[in-house]
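Shown next, in structure tokens, is the structure this report addresses.
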Amino acid sequence: MMEILRKSECIRKCKKSKIGDRLPGTSNQEIEDLFKRRKPYEYLQYCYYKLNKVTNAASAAYTYYVVNSDNRDAISNIKFYRENAGVRDTEFIDLELRPYKEHYIRAMMAYEDELWEEVVEEIEKALLEFYKEEERCRAECEGPLLTSAPLEFVSSMAEHYVSMIKCQYNCEDQLSSVFPEDIEDLLPEHYHYLQYAYYKILQADKASEAAASFLTFKPDDKIMMKNKEYFISEGYEDTHKPRPEVLEYVKRREEMRKIIEYADKHLVTTDYSEVSSVHDDSMDDMYGREEEGEDESYKPPFEHYMHKYEDVGLKIIANGNHLNGSKRFASEGFLKDEQCTELSYMIEDYYDNENGSRIISISDIFDKVGSKEDELELSLRLLLRSSELSRHYMQKYYNLTALYFKKTSIVCWGLSKESQYNKTCLPQEDGSCLEDISQLPTDDENEYMSVLYLKDLNNTADLYFLNQNKTQSRNVSSRCGRLVGMKPNEYHNVTIPDIEMRCGVVIKYTTNKKEEEKDYVQTLIALQLMEDEKMTVARKSSEEVLKELKKNGTVVSMTSNDLRDNKAFVADGLAKDGECEILQKLVKLAHLRKINKEEVDLFLDLAEKARLMVEKYFNLTRPLYFDFTHLVCRTAIELKSGEERDDLSHPVHADNCILQPDGSCIKSFPAFTQRDYSAILYLNDEFEGGEFFFAHSNKTEQVQVKPRCGRLVGFDSKEFHGVKAVRKGQRCALALWFTLNPNYKELAHVQARKIVSRILQGNAKKDPLSDLNLDQKDRELRENNKKSSESQMDKGKKSKNDDEDIEDENFSRQREKDSVKDDSSQSVGESERISDKNKLSDSDTLKEDSEGRISQKDESNQKSEFIDSKSDSDVFRLTDEDDLNSMQISEIESESVSQIDSELEVETAGATCSSDVDGQEMCGLKFEPKIDINIKVEKAENGLSDSSENTESPNEKTDL
Ligand SMILES: O=C(O)CCC(=O)C(=O)O
Ligand SMILES: [Fe+2]
């Protein structure tokens, strides 16, 4: 077969040099995805229903529900079949549940109950079935191939063969979907369980064999290596041998992998839009290229991690095979447009060096921060966050155990034209020039390098990678958020653009801790010190605000004790009725682009009060920062008379981790791990439903809180909670997420505060955002901002009683066992990426979180994914420049209240349809089995909306 692949490669080369590359073909991906999502069952259940075959319909509906448990129709259909069609629980059968899954699930349950014999029995059965299923899957790959373009015989064969192998290789991943999510390393996991269960039932020989089998899949697993030592020391060396089926399986996969790798390297069809071959070389390096000094031992771990990153928007667009060298890749999705702009601003006032490049180090930037207002500081923090994300990604991509920053800088080319005239300069990504490509440093095996581009330059300033002979190059264009990874000694050149500058964050990394960049670490420390200083000043004014709150009747009405020991509290009276009304209008008016400064000021003021309450109640020793703030109103869609809903508007989730089916919550990428505390300030109670509740890890309800104007619920972001559906009326709330990590400070918040303070002080400019980045203005603003935060704090004070001291006791009354977590080690930016795609394993959590981190252009999608589709939501956030700019308009237009009210009426009355994820309009829901709408309630087998412990709304009992 290898011979055929080689021949095919040869024919392609010939054709390509004469005729050019063939166009990319159409893919079956969409259809495959639909099947993966079990879409046909949705139709099937409807057809069965129409044919009056209710039990079959129920099973089809259930099969669909298993992987679409967020889907509104899937849920209401199950409910319908159970409650209206009398289908019993036992009759809901997952038609896709294969025996290997069933046994595996049973084994998991037995494991929970520590029934070791049963674990062994079930896992052994699961294994048998798994191998059978895997074989079946491979056999199915041998079907006909839908080729995209007519090929000659040899190439057809090669293409067919390779796609078959790829399909077969994929079988393991396909089978790894056991629950709705994939289980990574499902097959090895079997042996892990087996090893433990055999050990528990004192069959150490079998346990030792299972351990050896597991290690065949994962030879570096530390725990299992320890176990191995144990078994050997206990005299089970003889039995420490992998099972034959394991050896066979692993060997087969390795062979398949090699073929795929070869094919990817030599039979690749170029994607014109992303990576293109610039000048094709002659035929002479056609064979034996693998011997050309490329590191054959290197295998990018695409299989697991990299796919996970793709799911959250970090997508590999070219790997080493596409780029002429094994240790090169290009991925994208690392920065949003506005973040690129933000980072590009930072480098404007620096100078070029004699090469014509501009190299700005982290410490250069930090030096400027000292004398500037917050924006530069926040941009620097963004730089640190995105560098951290790049580091994290590089480490995973190259499968390294540790990777440290060695040199971090922003490098730009093209501001000065000098280098253009300097013919001896071969510009490099790190800002240096080579006279000759052979001058490249020799490989330092500890060193890696990445470039994160900040500009979209349409093929005018590409990076060219050369092959070992320097005869053939591949290029990657500069695009905002695109990351290129390489070894620093890779042969490459940069093209300098004609008119614009070409900028990227260039990082050199090292696997050697001793070489870690001091500047980077020192900058982090210095930023922290700055923070501490600022906080000392801020503390003073915060005491004032808290006093004021107390005086105005804000009370902590429920503490952790009243909230089933959740690390949480409820406070009342934080906002007055009039204030709640103003904020509700703000949501509507932002929508209509008519907001004014007082409203935004109030928004900021209340957000700040909420922040202080949380800080105070939890007795935090470190400051809390706004991570994300938004105002959201949900309007229920009218149901027909007789219709009821008992589902959830926000499914049970935690705000900073991903709730797993087993009740654990994974606090790691890609969750919003930086979020430490959450708070919701409610603005009204003229609606039905919409109760907030804390929940157990199994998603059942613990205790409810009924929203009302001025009521604040504050809690540790790790607490499980949810929101019941809004059945009637409109529910408005200000939702706030806080972080202890200043690197996640919300830039928009700082900017908005600045703009408002300027306007409030009568300094209004025509375009308040236009000069935010100018030094001089910044200095001026800094002063204003200081004053304004004080003035904001004083706002609304009528009389001041300095003798009245805050009773700290009430705030700190519920001092929790849990200490405040330090998340500063979390890699940044990660979560921002997630938001863009809503694709995590536990979609509930993501949906919640996703709202927080989206760029404006994504918002329409995001909103519709996130919201309860039986309600319509309006959102106001500070991240929209247009909204902030429109404050100017409202100053001039100055709306009358009656006008505003009539607009509101019109809007609310019209809000009876909502968009689903695909943007389709859905109106008038009926209780008939349906397809294509989303909502979330409990799994069918747990009983729908099984809310157990409803409590009354809380009483006011503790005085501030
Ligand atoms: O609106 C609420 O009461 C809570 C919302 C929430 O939990 C969230 O957005 O994460
Ligand atoms: Fe939440």
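These numbers were taken from a predicted model, which means no experiment stands behind them. We count ligands from 1, going down the list as the structure has it; atoms in each ligand are counted the same way.
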Query raised in the report: Within the stated cut-off of 2.8 Å, is an N/O/S atom of His721 closer than that to the Fe ion (ligand 2)?
Result: yes
Report summary line: Note: ligand 1 atoms sitting under 4.0 Å from heavy atoms of Phe692 are 3 (O), 4 (C)
Report summary line: Among the N/O/S atoms of Asp655, the Fe ion (ligand 2) lies closest to OD1
**Report entry** Numbered atoms of ligand 1 (with element) below 4.0 Å of Trp737, judged on heavy atoms
**Finding:** 8 (C), 9 (O), 10 (O)
Report summary line: Looking at Lys724, Glu719, His721, the heavy atom closest to atom 7 (O) of ligand 1 belongs to His721
Query raised in the report: If you measure from the Lys or Arg side-chain nitrogens to the Asp or Glu carboxylate oxygens, is any gap between Arg731 and Glu686 under 4.0 Å?
Result: no
Query raised in the report: Is it the side chain, the backbone, both or neither of Asp655 that has a heavy atom closer than 4.0 Å to ligand 1?
Result: side chain
Query raised in the report: Is a side-chain N or O of Glu579 found less than 3.5 angstrom from the main chain of Lys576, in a donor-acceptor match?
Result: yes
Query raised in the report: Applying a 4.0 Å heavy-atom criterion (strictly less than), which segment of Phe715 is in contact with ligand 1: side chain, backbone, both, or neither?
Result: neither
Requested in this report: Begin with the C-alpha distance, continue with both residues' side-chain angles, and end with the deciding distance and a verdict on side chain to side chain donor-acceptor pair (under 3.5 Å) for Asn566 and Gln702.
Outcome: CA-CA 9 Å; Asn566 281 287; Gln702 286 180 319; 2.8 Å; yes
Requested in this report: Flag the pair Lys567 and Asp716 as a salt bridge only when some basic side-chain nitrogen lies within less than 4.0 angstrom of an acidic carboxylate oxygen.
Outcome: yes
Requested in this report: Return the orientation label for the His653 and His650 ring planes: parallel under 30°, perpendicular over 60°, tilted otherwise.
Outcome: tilted
Query raised in the report: Should you measure from each heavy atom of Tyr682, which atoms of ligand 1 turn up under 4.0 Å away?
Result: 2 (C), 3 (O)
Report task. Output yes when Arg675 and Asp655 qualify as a salt bridge under the 4.0 Å nitrogen-oxygen rule, no when they do not. Result -> no
